[in-house]
Amino acid sequence: MAPIAFVCAMPMELKPLVKRLGLRRTGVGHEGTLDGRDVVAIVTGMGTRLAAEGMERLLGAVTPAHVVVVGITGAVEDETPIGAVVLPERVIDGASGREHHHELLGPGDTHGAMWTTDRITTAEELPALREQGVVSLDMETAAIALACEQRDVPWTVFRAISDRATDGSVDEELFRLSDQDGTPNPRAVARYVLRHPGRLPGMIRMGKGAKLATERAAEAAIAAVRAGTAG
């Protein structure tokens with residue numbers, strides 16, 4: 001039976017899956033089982049280009065029965081709590097305008113759109129996005145969706161809110177504290193804290209929010225796979 005494939009952009013998004021499922025590192029990424037069903041999990045790196053390249057590697061090695069995107073996403077308003085799982089009705093590629101629709105595993109109601117962009121979205125851009133029904137922002141899902149659709153592989157996205165674009169907490173300088181593979185750059189972090197010591201409490205809050213979001217997304221994805229593949 002073909003495996004279920006979990007796809008993450010960053011190692012921190014993969015970590016809860018590895019812990020909960022006991023995944024082991026292999027040539028493809030990480031592999032293991034979920035209730036007796038084979039699973040594989042990969043980290044692509046951040047952004048649409050690395051997401052597309054990561055999917056090419058994955059789909060060149062295996063043909064999954066279903067691809068499950070797992071990770072964090074940013075809210076476009078202030079009401080959705082940190083850690084809330086987002087199940088969008090559609091995913092929009094901000095560069096091309098192409099829309100993608102996923103296939104849910106297990107129960108759940110979809111709502112709104114997830115906007116995939118390689119740029120940091122400013123507060124001034126948010127009202128226009130909300131008018132289009134956008135509820136959250138990410139940097140990879142549309143590219144993953146396109147790769148799946150080109151191979152006729154069904155896909156689902158489970159992302160949880162880690163921060164809010166409304167508060168301006170994530171800007172270009174903060175974003176560059178991580179390398180493109182999604183791992184923190186310690187030297188860049190140290191320089192940033194020296195330049196902006198007053199922002200340290202906010203960074204700590206963001207770190208806690210991201211950790212909670214990765215855990216909630218992983219929990220939702222695992223539960224959905226269990227429900228969707230039962231029997």
Side-chain angles (χ1 to χ4, degrees), residues 5-15 17 28-30 40-61 67-76 86 88 90-100 102 113-123 125-126 129 132 134-151 153 155-165 168-189 192 203 206-207 209-211 213-214 217-218 221:
F6 294 105
V7 177
C8 307
M10 299 181 288
M12 67 176 293
E13 296 168 328
L14 175 66
K15 187 175 180 180
L17 293 171
V28 177
H30 286 75
V40 58
I42 68 165
V43 172
T44 65
M46 298 188 298
T48 55
R49 180 181 64 82
L50 292 183
E53 291 175 356
M55 288 302 296
E56 281 298 311
R57 291 193 298 272
L58 172 67
L59 298 177
V67 166
V68 184
V69 184
V70 186
I72 63 176
T73 186
V76 300
V86 175
R90 64 196 193 281
V91 174
I92 305 173
D93 185 329
S96 68
R98 183 195 296 266
E99 295 194 3
H100 306 272
H102 63 153
M114 184 175 290
W115 182 266
T116 297
T117 177
D118 286 310
R119 298 189 304 106
I120 298 298
T121 303
T122 65
E125 297 174 280
L126 297 180
L129 293 178
Q132 297 182 57
V134 173
V135 297
S136 70
L137 311 169
D138 90 302
M139 302 183 74
E140 298 85 24
T141 304
I144 296 168
L146 179 60
C148 289
E149 291 164 3
Q150 289 174 336
R151 302 282 190 98
V153 175
W155 65 280
T156 305
V157 56
F158 291 94
R159 289 187 180 270
I161 299 296
S162 62
D163 60 273
R164 297 187 178 92
S169 57
V170 180
D171 56 18
E172 191 68 31
E173 187 178 9
L174 188 67
F175 176 72
R176 297 303 173 191
L177 299 186
S178 294
D179 293 328
Q180 281 298 101
D181 64 359
T183 58
N185 184 317
R187 291 184 179 179
V189 171
Y192 183 88
M203 293 175 65
M206 286 183 60
K211 184 175 185 296
T214 60

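Numbers here simply count residues along the sequence, with the first being 1.
The shortest non-hydrogen separation linking Ile42 to Gly29 is CG2-CA, 4.5 Å. In terms of heavy-atom proximity, Gly54 sits nearest to Thr44 at CA-CG2, 4.1 Å. Closest non-hydrogen pair, Ala51 versus Ile144, comes out as CB-CG1, 4.1 Å. Heavy atoms only, all atoms of each residue included: Ile161 and Ala213 are closest at O-CB, 3.4 Å.
Taking 4.5 Å as the limit, some side-chain heavy atom of Thr121 sits within range of a side-chain heavy atom of Leu129. The side-chain heavy atoms of Thr141 and Trp155, taken from C-beta on, include a pair separated by under 4.5 Å. His102 places none of its side-chain heavy atoms less than 4.5 Å from the side chain of Val91. Side-chain contact check for Glu140 versus Val69: every heavy-atom pair is 4.5 Å or farther apart. The closest side-chain heavy-atom distance from Glu149 to His100 is below 4.5 Å. For the pair Val157 and Met114, the minimum side-chain heavy-atom distance is below 4.5 Å.
Note: Ser96 OG to Leu146 CG = 8.0 Å, rounded to the nearest 0.5 Å. To the nearest 0.5 angstrom, Met139 atom CE is 14.0 Å from Trp115 atom CH2. Residue Asp163 holds its CG atom at 6.5 Å from CD1 of Ile72, rounded to the nearest 0.5 Å. Remark: Ile92 CD1 to Glu99 CD distance equals 4.5 Å, nearest 0.5 Å. Taken to the nearest 0.5 Å, the CE atom of Met55 stands 13.5 Å off from the CG atom of Leu50. Taken from CG in Asp138 to OG1 in Thr73, the straight-line distance is 5.5 Å, to the nearest 0.5 Å.
A donor-acceptor contact shorter than 3.5 Å is absent between the side chain of Arg159 and the backbone of Ala217. In this structure, Ser162 contributes its side chain and Ala210 its backbone to no donor-acceptor pair below 3.5 Å. Between the side chain of Glu13 and the main chain of Met10, a donor-acceptor pair closer than 3.5 Å is present.
With sequence neighbours excluded, no residue satisfies side-chain hydrogen bond (donor to acceptor under 3.5 Å, both in side chains) with Thr214. Every residue two or more places apart in sequence or in another chain that forms a side-chain hydrogen bond (donor to acceptor under 3.5 Å, both in side chains) with Lys211 is listed here: Glu215.
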side-chain contact (heavy atoms from CB on, under 4.5 Å) between Val67 and Thr156, worked out: CA-CA 6 Å; Val67 166; Thr156 305; over 6 Å; no
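Using modelled atom types and a 3.5 Å distance limit, the side chains of Thr116 and Asp93 yield no donor-acceptor pair.
Counting heavy atoms of neighbouring residues, nucleotides and ligands inside a 6.0 Å radius, atom CZ of Arg151 exceeds 12 of them.
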